[in-house]
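Quick notes on the structure that follows.
In what follows, every heavy atom counts, from backbone to side chain, and hydrogens, waters and symmetry copies are set aside. Note that the numbering runs from 1 along the sequence shown for the chain.
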Amino acid sequence: MPENQILNLAIGGMHCASCSAIIEMSLSEVDGISEATVNLATERARIVYDPARTNRDAIIKLIENTGYSAIELVEGAGDDAQRAQQEADYTSLRNTFIFSLVLSVALLYLSLPMMGIGALLGPLQIPWMDWPYNKIALFFLATPIQFIAGARFYSGAWSALKNRAGNMDLLVALGTSAAYFYSVAATFFMEGEVFFETAALLITFVLLGKLLEERAKGRTNDSIKKLMGLTPKSARVERGGKEIEIPVADVVVEDLVIVRPGEKIPVDGVVVKGTTSVDESMISGESLPVEKAVDSPVIGATINRHGYFTMRATKIGKDTVLAHIIKLVEDAQGSRAPIQRFADTISAYFVPVVVVIAALTFAVWYLVGSGSDRFVFALLAGTAVLVIACPCALGLATPTAIMVGTGKGAENGILIKGGEALETAHKLTAIVFDKTGTLTNGRPVTTDIIAYDKHGEQRANGEADVLLPASALERGSEHSLADAILVAAEEKGVPEEPVEDFAAIPGQGVSGNVKGGAVLLGNRRLMKENGIDTAAQEETIAGLEAQGKTVMILGVAKKVSGLIAVADTIKECVPQAITRLHVMGIETIMITGDNARTAAAIATQARIKRVLAEVMPEDKAAEVKKLQAEGKVVAMVGDGINDAPALAQADIGIALGSGTDIAIESGEIVLIKDDIRDVVTAIELSRATIRKIRQNMFWALFYNTLGIPVAAGVLYPFFQIMLRPEIAGAAMALSSVSVVSNSLLLRRFKPKPIFSGESYAEGAS
């Protein structure tokens with residue numbers, strides 16, 4: 001049975017939140033489609049489908065039949081096709097607006113005498129403006145605006161009606177049609193005032209608003225454009241003994257690539273000759289160049305500052321770090337935050353409710369009005385209600401803020417994989433930190449080696465006797481502490497010894513046969529389960545652990561043969577970051593497999609108050625679940641394979657960028673710089689983004705809550721204030737622009753500086 005597949009599409013022709021809802025509704029009714037998400041801001045759709053029950057062509061055809069265009073986003077080509085389509089659509093919209101504007105200015109000019117203000121034109125007034133056929137001239141000017149410039153609204157309205165839904169196009173089409181066709185009747189079939197200028201200006205203002213909105217929406221995606229623009233176009237490679245320049249797309253894995261000073265590194269790889277310093281700020285946000293030598297990894301699109309070096313290509317095309325970052329940011333920007341459901345629910349009922357209110361407005365004013373112009377008054381009031389209502393602003397409130405927020409995260413070395421993670425981060429009440437490699441440097445060193453004789457007494461000059469079996473066992477281990485022992489053995493000239501029957505016991509240590517004898521190296525639990533008494537060494541072990549050192553016990557022939565103490569220092573940035581989190585009201589917790597004493601010593605240095613010690617790797621996720629059961633919203637920060645289940649269990653998994661691929665895949669947020677101060681930045685960015693979303697939603701709802709009653713004429717009985725439809729249309733158009741512009745203010749976001757050392761801690765307290 002084939003697995004579900006994902007289809008990513010660029011959608012054209014959407015004008016408001018109702019449009020995206022119409023597409024989602026149509027797709028959800030298709031047998032075989034299990035998930036369909038359409039993002040108005042990015043103009044993209046993500047569809048999960050069963051290839052045994054439907055296919056890509058059928059899905060695309062369905063969307064086109066709904067009244068919208070769809071382009072499959074194929075790797076390396078789809079993005080270009082979408083950008084080309086967006087540019088063509090923008091050019092078409094701009095030309096349509098100019099066409100409508102020119103005719104509207106002429107139409108307004110001829111309408112001024114009919115409004116009773118023609119005299120204001122003075123010398124600009126021409127004699128024939130009052131001619132008997134002026135209405136006919138207005139008709140010929142208004143008709144192209146109505147049916148050429150306004151064709152997009154009729155098309156969108158028809159699509160909505162076909163799908164038994166409503167959208168902004170339907171409101172505009174109804175409002176302008178009412179004014180236009182009444183004016184046609186007043187021109188050819190009866191006496192009465194005409195409102196050709198109302199319909200024309202309404203269409204022109206809405207087109208202007210859409211033009212400004214599209215331009216602003218384009219700016220919300222600036223970070224993606226910047227990232228894409230970083231990719232170099234060519235590379236210099238060695239082939240056939242010659243140095244040639246080729247397009248980056250033609251570079252293959254294992255190619256030897258030559259990079260000169262000042263050039264961008266074309267692909268990911270490893271230095272094989274030469275030394276240099278590389279500006280990696282575009283990836284990590286770190287301003288200082290990073291020194292590179294033979295065997296150092298280098299990242300495509302970073303800048304070679306000084307040296308001339310040769311590298312071996314290891315990752316190309318979509319496999320490069322930059323390509324992964326772009327993909328993650330694009331996926332995040334196309335995702336939907338839970339808060340968006342509120343806007344979606346309102347948008348689903350918005351247009352039908354507005355149409356009903358407009359009809360009631362017309363009926364009330366027609367019934368309570370008096371005089372020959374009551375029909376005209378009622379018509380204008382109903383039309384104003386139709387065109388002032390705007391589902392667009394509500395639909396854009398969340399996705400535009402998420403686009404800017406995730407883009408700013410990428411600029412600061414923080415990859416946020418989706419709107420849900422961005423929203424959840426502002427709710428966090430507790431953060432669990434893995435110790436090794438997350439809070440500590442992950443490069444422990446051997447600090448103490450203590451040897452014991454067969455009577456349990458310490459003996460001098462026995463370091464080599466302890467290191468020989470210990471290093472033999474650790475050569476087969478993948479534990480982070482193994483390197484420290486191997487380095488110490490190499491420094492002291494301890495010979496390599498083969499090991500037989502090697503076994504790693506998770507959370508306890510390792511075992512094997514060295515020189516024919518059974519050897520154990522690990523913690524107290526390992527010794528206890530194998531019948532080795534450590535009571536005589538307990539005081540020494542406890543003293544070392546109190547210093548924050550991890551003690552490994554060597555057991556040979558059922559006795560303690562030695563102790564090896566290893567220390568892993570905490571990262572310099574940790575205390576400041578933890579203090580800032582406390583100031584933000586977030587509880588911090590350290591989780592580790594170390595014993596309680598060692599863990600407590602490290603936690604004290606890191607300023608973490610709560611410690612979960614002696615936790616087996618497979619139990620980390622369970623500990624996170626316990627914290628969640630206490631009512632906490634929990635983030636887990638880690639980097640290792642054994643952290644992946646806990647990262648997945650947490651409300652948000654935060655993975656360090658230098659961690660394993662599986663940890664990065666499990667985390668919803670990835671910190672490229674491996675700096676836990678970026679945990680603080682990610683939360684601050686989340687809070688700033690959610691504030692923008694709430695502001696956007698408030699103003700969108702406030703605008704409609706206030707605008708619809710004013711357009712309906714509630715102020716007229718008291719203040720004789722009535723909103724003309726064309727002014728209502730201009731207000732509607734600008735409401736969407738204001739929401740997008742407010743989201744764009746997030747581009748000013750900068751991480752707050754985290755002060756160093758004790759001065760910050762004192763200030764925080």
Side-chain angles (χ1 to χ4, degrees), residues 223-224 227 283-286 321 324-339 401-434 437-439 573-574 577-578 580-581 584 586 588-589 591 620-621 624 627-628 632-640 643-690 693 746 749 751-752 754:
S223 51
I224 283 287
L227 288 171
I283 293 290
S284 67
E286 181 59 56
V321 169
H324 277 299
I325 290 174
I326 292 172
K327 182 68 166 60
L328 282 174
V329 176
E330 285 182 335
D331 288 346
Q333 293 184 341
S335 66
R336 176 171 297 176
I339 197 172
I402 287 176
M403 286 175 71
V404 180
T406 51
K408 286 303 296 182
E411 288 178 18
N412 287 280
I414 301 167
L415 301 182
I416 303 168
K417 293 185 179 179
E420 186 169 355
L422 193 63
E423 180 178 343
T424 305
H426 91 285
K427 304 175 185 175
L428 290 175
T429 58
I431 301 180
V432 180
F433 292 92
D434 176 54
T438 302
L439 295 174
C573 63
V574 167
I578 297 300
R580 170 63 68 83
L581 290 170
M584 295 168 71
I586 297 173
T588 56
I589 302 157
I591 191 167
K620 288 183 179 181
V624 171
L627 292 170
Q628 291 170 323
K632 302 180 189 297
V633 181
V634 182
M636 170 72 191
V637 185
D639 70 331
D643 295 325
L647 289 169
Q649 173 63 45
D651 296 285
I652 293 184
I654 302 177
L656 300 188
S658 66
T660 60
D661 288 343
I662 190 169
I664 293 175
E665 286 299 318
S666 300
E668 286 86 15
I669 297 176
V670 180
L671 309 180
I672 298 176
K673 289 183 285 186
D674 293 350
D675 188 335
I676 72 160
R677 285 176 295 189
D678 285 341
V679 174
V680 177
T681 302
I683 296 170
E684 289 175 342
L685 179 59
S686 168
R687 291 179 176 182
T689 303
I690 295 301
I693 291 173
L746 264 178
F749 172 85
K752 294 178 183 177
I754 296 181

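Formation of a donor-acceptor pair under 3.5 Å by the D651 side chain with backbone atoms of V634 is found in this model. Using modelled atom types, no side-chain atom of T429 and backbone atom of K632 make a donor-acceptor pair closer than 3.5 Å. Looking at T424, its side chain never comes within 3.5 Å of a backbone N or O of A421 through a donor-acceptor pair. Side-chain atoms of N412 never come within 3.5 Å of backbone atoms of I414 as a donor-acceptor pair (strictly under, hydrogens ignored).
Note that the CG atom of L415 and the CD1 atom of I654 stand 12.5 Å from one another [nearest 0.5 Å]. Rounding to the nearest 0.5 angstrom, the gap separating the CD1 atom in I669 from the CG atom in D678 is 10.5 Å. To the nearest 0.5 Å, atom CD1 of residue I586 and atom CZ of residue R580 are 11.0 Å apart. Within the model, atoms OG1 of T681 and CG of D675 stand 8.0 Å from one another, a figure rounded to the nearest 0.5 Å. Distance check, rounded to the nearest 0.5 Å: CG of L685 to CG of L746 gives 7.0 Å. Note: I431 CD1 to L581 CG = 4.5 Å, rounded to the nearest 0.5 Å.
With sequence neighbours left out, the side chain to side chain donor-acceptor pair (under 3.5 Å) criterion links T588 to H582. By the side-chain contact (heavy atoms from CB on, under 4.5 Å) test, A650 is found to be paired with V624, M636, residues two or more places apart in sequence or in another chain being considered.
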TODO: May I have the step-by-step check of side-chain contact (heavy atoms from CB on, under 4.5 Å) for K417 and V670, ending in yes or no?
DONE: CA-CA 8 Å; K417 293 185 179 179; V670 180; 4.0 Å; yes
Task: Test side-chain contact (heavy atoms from CB on, under 4.5 Å) applied to I416 and E668, step by step - done: CA-CA 6 Å; I416 303 168; E668 286 86 15; over 6 Å; no
Open item on the list: Quick one, V637 with V432, criterion side-chain contact (heavy atoms from CB on, under 4.5 Å). Give me CA distance, side-chain angles, the key distance, then yes/no.
Closed with: CA-CA 6 Å; V637 185; V432 180; over 6 Å; no
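Of all the heavy atoms in A401 and I693, the pair that sits closest is CB-CG1, 3.5 Å. Annotation for K408 and F749: closest pair CE-O, 3.4 Å, computed over non-hydrogen atoms. The nearest pair of heavy atoms linking T438 to F433 is CG2-CD2, 4.3 Å.
Between D434 and K620 there is a salt bridge, with a side-chain nitrogen of the basic residue lying less than 4.0 Å from a carboxylate oxygen of the acidic one. In summary, E423 and R687 do not engage in a salt bridge, as defined by a charged side-chain N under 4.0 Å from a carboxylate O.
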